[in-house]
Amino acid sequence: MRIFMDTANIDEIRRGAAMGVVDGVTTNPTLVAKEGVEYRDRVLEICDVVDGPISAECVSTTVDALVEEARRVAAWHPNVVVKIPIGEVGLQAIRRVSAEGIKVNTTLVFSANQALLAARAGATYVSPFIGRLQDAGQDGIEVIREIVAILETYHLPTQVLAASIRGPRDVTESALAGAHIATVPPAVLFQMVHHPLTDVGIQRFLADAAKYTPV
Ligand code: G3P
């Protein structure tokens with residue numbers, strides 16, 4: 001499973017990228033607004049740090065406007081993937097821009113049926129929001145499992161991008177459910193590296209290594 005970072009914070013992205021395990025980045029209007037920067041400027045900065053798919057969200061509300069916006073956003077950089085929310089308007093736009101070769105990450109997906117429709121429209125990625133499903137008392141991991149099974153059964157090439165991740169366990173369960181990618185907030189990525197027993201183990205090895213001549 002590939003790991004993306006779900007943030008628009010460039011310092012966190014640099015720190016994650018330095019670990020050598022970040023394959024891409026997802027952003028949305030909320031994440032960019034927190035940074036107080038222009039969306040295009042920040043996406044281009046991110047493209048300089050991470051050489052992989054970088055998702056940028058479209059916010060138009062009609063099909064024609066979404067298509068135009070998706071074309072503009074996709075032209076920012078060859079690695080940019082446009083995010084389009086699922087819905088009747090979104091589906092039409094996904095179909096049109098995907099046919100032009102623009103990569104689409106279908107966002108705000110909360111059901112297997114939404115994912116199936118996005119896949120049939122040609123989306124490159126579908127993003128089930130598992131944390132928000134769990135907040136609403138639903139099983140987000142089960143939705144991922146259903147989406148993965150449907151896409152595999154019908155040989156649809158769309159990739160499942162587990163989003164709205166709240167903790168390290170969500171990443172493990174997304175991987176077990178067959179998600180192709182998890183997009184993780186920086187805090188979760190940095191938590192994933194650590195385990196208290198690793199820290200204890202390192203301290204013990206360092207103490208014992210001091211008892212002989214260093215190599
Ligand atoms: O990038 C979309 C998604 O991951 C947002 O997550 O935490 O706002 O539900 P959250």
Side-chain angles (χ1 to χ4, degrees), residues 1-8 16 21-32 52-59 66 70 73 80-95 97-98 102-189 191-192:
M1 185 176 68
R2 287 187 293 158
I3 305 288
F4 289 4
M5 287 182 80
D6 195 26
T7 182
V21 292
V22 174
D23 302 297
V25 176
T26 53
T27 66
N28 63 37
T30 306
L31 293 171
V32 174
I54 312 298
S55 288
E57 188 129 359
C58 296
V59 291
L66 257 182
V73 171
V80 168
V81 172
V82 297
K83 266 177 139 176
I84 297 180
I86 188 67
E88 291 185 31
V89 166
L91 265 185
Q92 290 184 55
I94 292 165
R95 165 73 73 191
V97 302
S98 296
I102 292 173
K103 290 191 166 59
V104 175
N105 173 359
T106 309
T107 190
L108 290 164
V109 167
F110 293 96
S111 75
N113 281 339
Q114 290 179 320
L116 172 59
L117 294 171
R120 291 290 298 116
T124 303
Y125 307 96
V126 286
S127 288
F129 276 30
I130 63 170
R132 293 193 197 181
L133 276 167
Q134 283 152 5
D135 292 345
Q138 288 180 257
D139 187 346
I141 298 299
E142 185 54 27
V143 172
I144 290 184
R145 205 170 283 116
E146 289 176 355
I147 296 170
V148 168
I150 291 168
L151 298 183
E152 279 178 4
T153 299
Y154 296 102
H155 307 291
L156 292 162
T158 303
Q159 296 176 55
V160 180
L161 202 171
S164 185
I165 296 266
R166 297 283 158 77
R169 188 66 204 166
D170 288 339
V171 181
T172 309
E173 290 187 10
S174 296
L176 288 170
H180 303 90
I181 304 153
T183 187
V184 296
V188 176
L189 178 67
Q191 270 179 294
M192 286 167 65

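Note that the numbering runs from 1 along the sequence shown for the chain. Keep in mind that the numbers below use all heavy atoms, side chains included, and drop hydrogens, waters and symmetry copies. Worth saying up front: this structure is predicted, and the values here are computed from it rather than measured.
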Smallest heavy-atom separation, I147 atom then S111 atom, equals CD1-O, 4.3 Å
For A112 and I150, the nearest pair of non-hydrogen atoms, with its separation, is CB-CD1, 3.9 Å
With sequence neighbours left out, the residues meeting salt bridge (Lys or Arg N to Asp or Glu O under 4.0 Å) with D23 are none
Do P53 and R2 come within less than 4.5 Å of each other through their side chains, counting heavy atoms only?
yes
By side-chain contact (heavy atoms from CB on, under 4.5 Å), T124 pairs with (sequence neighbours left out) K103
For V73 and C58, the nearest pair of non-hydrogen atoms, with its separation, is CG2-SG, 4.5 Å
Applying salt bridge (Lys or Arg N to Asp or Glu O under 4.0 Å) to R120 and not counting sequence neighbours gives none
Would you call M1 and V171 a side-chain contact if the rule is heavy atoms closer than 4.5 Å? yes
Closest non-hydrogen contact found for G178 with V148 is O-CG2, 3.5 Å
Residue set satisfying side-chain contact (heavy atoms from CB on, under 4.5 Å) with V32, at least two apart, ordered chain then number -> A8, T27, V37, Y39
Here the gap from I144 atom CD1 to I130 atom CD1, rounded to the nearest 0.5 Å, amounts to 4.5 Å
Sorted by chain and residue number, the salt bridge (Lys or Arg N to Asp or Glu O under 4.0 Å) partners of R95 (sequence neighbours excluded) come out as none
With sequence neighbours left out, the residues meeting side-chain hydrogen bond (donor to acceptor under 3.5 Å, both in side chains) with D139 are none
Residues passing the side-chain contact (heavy atoms from CB on, under 4.5 Å) test with P85, sequence neighbours excluded, are E57, T107, L108
Separation between CG (L189) and OG1 (T183), nearest 0.5 Å, reads 10.0 Å
Any non-hydrogen side-chain atom of V109 less than 4.5 Å from a side-chain atom of S127? no
Residue pairs meeting ring-ring contact (aromatic ring centres under 6.0 Å, His included), one or both in residues 132-186, sequence neighbours left out, come to none
S174 (side chain) donor-acceptor with A162 (main chain) under 3.5 angstrom = no
Shortest non-hydrogen pair, A118 vs I94, comes out as O-CG2, 4.3 Å
Rounding to 0.5 Å, atoms CD1 (I84) and CG (L91) come to a distance of 10.0 Å
So CD1 of I181 and CZ of F4: to nearest 0.5 Å the spacing works out to 4.0 Å
Please tell me if the side chains of I165 and P185 come closer than 4.5 Å, counting only heavy atoms from C-beta onward.
yes
Query - Heavy-atom check, side chain of E173 versus side chain of E142, under 4.5 Å - result: no
Contacts of A119 meeting side-chain contact (heavy atoms from CB on, under 4.5 Å) (sequence neighbours excluded), chain-then-number -> L151, L156, T158
Across all chains, not counting sequence neighbours, the side-chain hydrogen bond (donor to acceptor under 3.5 Å, both in side chains) partners of Q134 are none
When every non-hydrogen atom of R132 is compared with those of S164, the smallest separation belongs to N-OG, 3.1 Å
Partner of R166 under side chain to side chain contact (heavy atoms under 4.5 Å, CB included), picked from V188, D135, V184, is D135
Residues 80-94 vs side chain to side chain donor-acceptor pair (under 3.5 Å), sequence neighbours excluded, gives none
In short, ring-ring contact (aromatic ring centres under 6.0 Å, His included) pairs touching residues 102-127 with sequence neighbours left out are F110-F129
Interatomic distance, CG@N113 vs CD@E146, rounded to 0.5 Å, equals 8.5 Å
